[in-house]
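Numbered from 1 within each chain, the chains take letters A, B, ... in sequence-line order. Worth knowing before you read on, the calculation uses all heavy atoms, side chains too, and leaves out hydrogens, waters and symmetry mates.
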Amino acid sequence: MAQGSRQYFAVAILMCAFVSINGVGLNDLLDRASQLSDKLHYLSTSLTNDLDSHFPPIGRGMMPRPSLCHTSSLQIPNDKDQAMKVPEDELLSLARSLLLAWSDPLALLSSEASSLAHPERNTINSKTKELQDNINSLGAGLEHVVHKMGSSSDNLSTLPFNGNNLGQDKTSRLVNFHFLLSCFRRDSHKIDSFLKVLRCRAAKKRPDMC
Amino acid sequence: MAHSLSLRLLYLGLMCGKGLVFAQGSELFSQASDANKGPHLTGCRSSEQVTFRCWWSSGTFQNLSEPGALRIFYQTKALSSDWYECPDYTQTVKNECYFNKTFTRIWTSYCIQLRSVPQNTTYDEACFTVENIVYPDPPVGLNWTLLNVSRSGLHFDVLVRWTPPPSADVKTGWMSLVYQLQYRVKNNTYWEMQELESGTQQSIYGLHTDKEYEVRVRCKMSAFNNFGEFSDSVFLQVAQIPSKESTFPMALVLSFILIGVVILLIFIVISQQQRLMVIFLPPIPAPKIKGIDPELLKNGKLDQLDSLLSSHDMYKPDFYHEDPWVEFIQLDIDDPADKKNSDTQHLLGLSHSGSSHNLNLKNDDDSGRASCYDPEIPDPEDLASLLHNHSEQGEHQHSLVSRSSSANPDFQQESEVVETPIQTQPSWVNMDFYAQVSDFTPAGEVMLSPGQLNTSPEKKKKEEENEKKIQFQLVSDGAYTSETTARQFSADVPSSPGPEQEYQAFPTQGVEGNLWNGDYLVSVNDSQTPYLLLEPPPAPVLPPISDYTVAEPPSKSSFIAAYGLSAQPR
């Protein structure tokens, strides 16, 4: 009997420690995730700026509308009030869905970046590669956050991407590259906003973070 | 119908595509001068990412400047493709359209048109998404605190703090802002820019104390390029604190310490003057002559001085050899006849009384006084006469030799012969310190002769073998030469036949006779001593003993004699 009580006591202590550690770990994880998303957004913005520096004026007129982005069908909160009302796990799933939706298009972009008809091709290529790595690490980080929060991971929205190539001629390829990048930039901002809201919501005990 | 609808959609799409899909604020609205341009949109901005506003200008068209002539229409593709008029024209501000939070959608593209409704013309259009037109309000609550002042008092560091704009909701994480601080010297044209800061405070280092600085801050959304307006400037200045007073007492203290140290050093030098003199100026040692102790000279010990000086090889050995210093010592050559007669008489008288005693005495004398004078050694002629008497008596003398009959006449002659030279002996007497007294003059003077041999026939027998060594032994020691010579010359005699041995004493004297003839040293070759004895003494008196003198090594007393120093002949 004594041995049994002792074992029970040890297990209880271990569980307490684990829970406490996890509690602290979530804030750190979210903080790390928000930093990564911030980096992601920054990279997409700089890429866009590099592209805009030498974008042919005629291309602007031929730019597809943002509603044509493949992720526009995802239902997201449009304003602050709505965002404040969305629960954490839904915010997290939204972020993860968006992230998942962009893994394939970014692969296409990185493969097309080297042959882009643009003077800043090399910079664009390197940044696109970095973008891809960033997305992968952020996706892995969010996986951990999901496990920490204990939410189910099966309510992810699938956003299929049907593009195989950017175009036939170099101008259309450049325009499509630009369009895809602009869509991604908007979505990266969404991810960043959602994660920041999540971080501040989880760090209520520590107001200095937000 | 569908065809017209698709055409309209295409037319609308093209129209929208003309504009920029994600237009930046600056690119969205043309900034051309209003003078040459018609009505146009001047800008749309959002400050908190919740609402936004748009402004227009009528331009050169003055007839459209009254309110209501120009109207704003917007379209949000996400909701519908319809154009809606501006929800709220601001009353207080001219030509401004305000979109409140119900009409504002983030991550949604908007298209804004400026129309003149009566004429149904669209003068301008712009498309954008709200997050791209966010220009945050400036930060508020700017203040500064002094961090430190440099030791020289010329520079200082400050810490500037501010608070985010109240409109921006950073608490919930809806907006993440970054700040940029700028400062400059007052009334300067160039602003110093600091790095982007995500926090709400920043330090400035290296400011000058005597200058007034102006500091301002602005912010923007992170990862966006739209800076908001600058905050109100704050002025800061730190007065220069002269720190000279603190150094003054320090210099005074140091000078006092230095003076004290100098005084202490002087005191030490004066008190330990003698010791310091020894240390710094050591005395030069006096010159030393090797081997001579100055104390010797003081005490006047000439013996040691002599040894020291003589050992220096200053005086060559030849010196003594060459100089006939022998001549220095001159013996008085008186007529020995009187002496002899008196002595002979004495001896004879003595001999009659106790010849054996005499003999024994002589023997004893010979043994006892080997190195000394033998003043009592009887002259050879005395001895000869004594022996003659003995022979006449026909008595065997134990020690004295009994010559053969043939030798007797020789002896007789020898004695005769001997007598005469005896007289002449002292004339060239030698150099030897240990000259023996050969005879006494009636006046009491002593006649010295060179090395007399003791008349001990027994001893002569022993020394028969040393004949050859005589000369060399003469060389060895001048003081003892006479003795040795005498003995060995007696030893020479035994070269004669055996029966003559008993007569050794006489031959000895014969040898002496020869010596007196002047062949003293030459007797080395003389194995024919008897013959020598027979020889008449016509030989001139040879100058003594050049050989002898050569053999003479210098001695102390000889040195003194040579130099006329006061000395006592030994």
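Only the side chain of B/V50 has a heavy atom closer than 4.5 Å to any heavy atom of chain A. Neither the backbone nor the side chain of B/E48 comes within less than 4.5 Å of any heavy atom in chain A. Proximity to chain B (any heavy atom under 4.5 Å) is restricted, for A/I76, to the side chain, taken from C-beta onward. Proximity to chain A (any heavy atom under 4.5 Å) is shown, for B/T172, by both the backbone and the side chain. Using a 4.5 Å cut-off between heavy atoms, A/D81 contacts chain B through its side chain alone, with no backbone atom that close.
In this structure, NE2 on A/H41 lies 3.5 Å from CZ on B/F224, to the nearest 0.5 angstrom. Here OG1 of B/T108 is found 7.5 Å from CZ of A/R186. Values are rounded to the nearest 0.5 Å. Once rounded to the nearest 0.5 Å, the distance linking OG of B/S176 with CG of A/D38 reads 6.0 Å.
Counting non-hydrogen atoms of other residues, nucleotides and ligands closer than 6.0 Å to CD of B/Q119 gives a total above 12. Atom CG of B/N120 is surrounded by 12 or fewer heavy atoms from other residues, nucleotides or ligands within 6.0 Å. Counting heavy-atom neighbours within 6.0 Å of A/R32 CZ, excluding the residue itself, gives a total of 12 or less. By the neighbour-count criterion of 12 heavy atoms within 6.0 Å, atom CD of B/E192 is densely surrounded, having more than that number from other residues, nucleotides or ligands. When the shell of 6.0 Å around CG of B/N143 is examined, it contains more than 12 heavy atoms from other residues, nucleotides or ligands. Taking a 6.0 Å sphere around OH of A/Y42, one finds it holds 12 or fewer heavy atoms contributed by other residues, nucleotides or ligands.
Counting heavy-atom pairs under 4.5 Å between each of B/T104, B/D169, B/V130 and chain A puts B/D169 at the top.
Checked against side chain to side chain contact (heavy atoms under 4.5 Å, CB included), A/Q82 has the following partners two or more places apart in sequence or in another chain: A/P77, A/N78, A/D79.
By the 4.5 Å heavy-atom criterion applied to side chains, B/E131 and A/K190 are not counted as neighbours. Using a 4.5 Å heavy-atom threshold, the side chains of A/K196 and B/W174 count as separate.
Judged by distance alone, the side chain of A/T45 and the main-chain N or O of B/A223 form a donor-acceptor pair under 3.5 Å.
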